[in-house]
Amino acid sequence: MKSTAKICARLLADWFERRQRDLPWRGTLDPYRIWISEVMLQQTRVQVVRERWGAFLSRFPSPKALAAADDDSLLSAWEGLGYYRRVRQLREAAQRLVREHRGQIPKDPKDFASLPGVGPYTKGAVYSLAFDCPLPAIDGNAERVISRLLALKEPARKKTGRVQIEAFVQSMLREQSPRIINQALMDLGAGPCAPATPECPLCPLHSQCKARQEGTPTLYPKLPPRPRPQAVETHLLLATKEGLFLGRRIPQGEINQGQIGLPGLGLPVPSEQSLEDYLQGTFGPKAEIGPSLGSFGHSITRYKITVYVHPLNINAPPPAPFSWFSRTAKLPLSTVTRKALRLGTPLSQAKESGD
DNA sequence: AAAACGGGGTT
DNA sequence: AACCCAGTTTT
């Protein structure tokens, strides 16, 4: 008798041949270009990556070009994609490729996986898609598909659960092209096996799927509950003058390093300091702030942040490290800075009145 | 407004 | 194994 894995591999491959998504990065076998697409996709929806992937690669067509990127061009190329640490790790990794592997993606996946920002998933995705290497690439999609297929009772992210998922994928990789199996799992998870609204009738594996037999696909995968984000607030100060705004280059070691930030309590939150102490200590007794121009929300993993923006009048030349920046220049602004600047631009509506 | 989602690093 | 990362999309 045929094993389930063998049957599933065949069904997946047949389905993928007919129904695979048409994605720009599927037109290449260049591991560098595939790597960039995978890192972008880790934090950004497919539609956005469609728009940004080609432009990023035009700017940084090779590891060598990426390794040589300065902060401004690097961050600008990633602007709006968030989690800027990842593009820094990408550059660091490229620098190591240049120094240690002549600017090439190494033959041995282990060498690749030792680079910053490259874990088991990215390693598996790049080597299977580029070289058809039989490595699993288990992202959230594959995790969900296999958890449902097996009606996996163990938590998917604990060792016992992970091992079973990986073993099943490995079995399929022995039966069909890893390049096809891994991509098919991604597409299945993005389509018929979507998280909240699975469409089992469209799924090529539905005849094999245990969760479908139980009638409760959305119970899988079993994942730990997330804690509710903590509500916190912070304050930013907006000083403007003739098309300029007051800002500073965020130093290394702080959140959003290398980008332009506004004065104020900023990130991280919760902050220890009071706004009054900050104002006094940074700009001296002559500086004044007005009532809030408004507020906006900025949520990240653990915090739901309300950011208040106050007008600032410094009545003196700006103290280091602050200086005037053009509001229209192409600067690497953090998302928080961008939102705050909008709030200070009357032509866009004030979203909330704050207070 | 709340809930869901994602992969890697660090300790 | 547990905790952290500094955001967007879906419900």
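All values below come from the heavy atoms of this structure, side chains included, with hydrogens, waters and symmetry mates left out. Note on naming: letters A, B, ... go to the chains in the order of the sequence lines (proteins, then strands), and numbering restarts at 1 for each one.
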* To do: Establish, yes or no, whether a centroid distance under 6.0 Å links the rings of A/Tyr308 and A/Phe296.
  => no
* Asked: Does NZ or CZ of A/Arg86 lie under 6.0 Å from the centre of the six-membered ring of A/Tyr83, at an angle within 45° of the ring axis?
  -> yes
* Asked: Listed by chain and number, what are the side-chain contact (heavy atoms from CB on, under 4.5 Å) partners of A/Pro204, not counting sequence neighbours?
  -> A/Trp15, A/Leu188
* To do: Give A/Thr335 one of three labels, base, sugar-phosphate or nothing, depending on what nucleic acid heavy atoms sit under 4.0 Å from its own.
  => sugar-phosphate
* Whole-angstrom distance between B/dA4 and C/dA6, as gauged at atom P -> 23 Å
* Asked: Rounded to the nearest Å, what distance is computed from the CD atom of residue A/Glu79 to the C1' atom of nucleotide C/dT8?
  -> 16 Å
* Determine the interatomic distance between C1' on B/dC5 and the same-named atom on C/dC5; round to the nearest Å. => 15 Å
* Are A/Leu173 and A/Ile146 connected, step by step, through hydrophobic side chains (Ile, Leu, Val, Met, Phe, Trp, Tyr) whose heavy atoms are closer than 4.5 Å? -> yes
* Atom NZ of A/Lys222: over 12 foreign heavy atoms under 6.0 Å -> yes
* Asked: Is the distance between the ring centroids of A/Trp78 and A/Phe56 under 6.0 Å?
  -> yes
* Whole Å only: how far is the NZ atom of A/Lys158 from the P atom of C/dA1? -> 7 Å
* Would you indicate which nucleotide in C/dA6, B/dA2, C/dT11 comes nearest to any side-chain atom of A/His298? => C/dA6
* To do: Indicate whether OP1 or OP2 belonging to C/dC5 is found under 4.0 Å from a side-chain N or O atom of A/Asn256.
  => no
* Structure fact -> Counting primed atoms, P, OP1 and OP2 as sugar-phosphate and everything else as base, the B/S/- map of nucleotides 3-11 of chain B against protein heavy atoms under 4.0 Å is S-BBBSS--
* Structure fact -> Taken to the nearest whole Å, CD/A/Gln47 to P/C/dT10 is 11 Å
* Using the P atom in both, what is the distance from B/dG9 to C/dT8, to the nearest Å? -> 22 Å
* Rounded distance (Å) that lies between atom P of C/dT8 and atom OH of A/Tyr303 -> 18 Å
* Examine A/Phe16 and A/Leu135 and state if one hydrophobic cluster contains both, with Ile, Leu, Val, Met, Phe, Trp and Tyr joined whenever side-chain heavy atoms are less than 4.5 Å apart. => no
* **Closest-nucleotide ordering on DNA chain C, the 5'-leading residue of A/Thr197 and A/Pro270** => A/Pro270
